[in-house]
Amino acid sequence: MTVWFVFAVPFVVMFFALFMERVEARLRHVAVQEDEVEELLENARPDEVRALYGHGIGRALEMFRLRRRGRPKARRAKVRV
């Protein structure tokens with residue numbers, strides 16, 4: 001029984017490491033870059049800060065990238081209650 005563990009454990013560890021490398025590679029493409037966050041925090045406009053507070057880093061970076069590219073952003077009409 002011990003012999004099976006001696007042979008099986010290295011293979012299990014190897015397959016786990018290969019699996020985790022694939023997961024890490026996918027996350028690397030989705031993850032936010034440190035430079036982008038730093039630039040956002042240094043150059044953020046009030047609407048981007050509100051988006052960061054209300055919707056998270058994803059929406060704030062999206063607005064920041066659109067502004068950097070020079071595209072006009074869609075404005076929502078304010079609703080009075």
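All values below were derived from every heavy atom in this structure, side-chain atoms included, with hydrogens, water molecules and symmetry-related copies excluded.
Contact check on Glu48 versus Arg45 returns no salt bridge, with no Lys/Arg side-chain nitrogen under 4.0 Å from an Asp/Glu carboxylate oxygen. With respect to the salt-bridge test (charged N to carboxylate O, under 4.0 angstrom), the residues Glu36 and Arg65 qualify.
With sequence neighbours excluded, no residue forms a salt bridge (charged side-chain N to carboxylate O under 4.0 Å, His left out) with Arg50. Every residue two or more places apart in sequence or in another chain that forms a side chain to side chain contact (heavy atoms under 4.5 Å, CB included) with Leu52 is listed here: Leu41, Ile57, Ala60. The side chain to side chain contact (heavy atoms under 4.5 Å, CB included) test applied to Phe11 returns Met14, Phe15, not counting sequence neighbours. For the side chain to side chain contact (heavy atoms under 4.5 Å, CB included) test, residues two or more places apart in sequence or in another chain that qualify with Val23 are Phe19, Leu27. Partners of Glu38 under the side chain to side chain contact (heavy atoms under 4.5 Å, CB included) rule, at least two apart in sequence or in another chain, are Glu34, Glu42.
Grouped with Phe7 in one hydrophobic cluster are Val3, the linkage being side-chain heavy-atom contacts under 4.5 Å among Ile, Leu, Val, Met, Phe, Trp and Tyr residues.
Annotation: the span from Met63 atom CE to Leu40 atom CG amounts to 10.0 Å, rounded to 0.5 Å.
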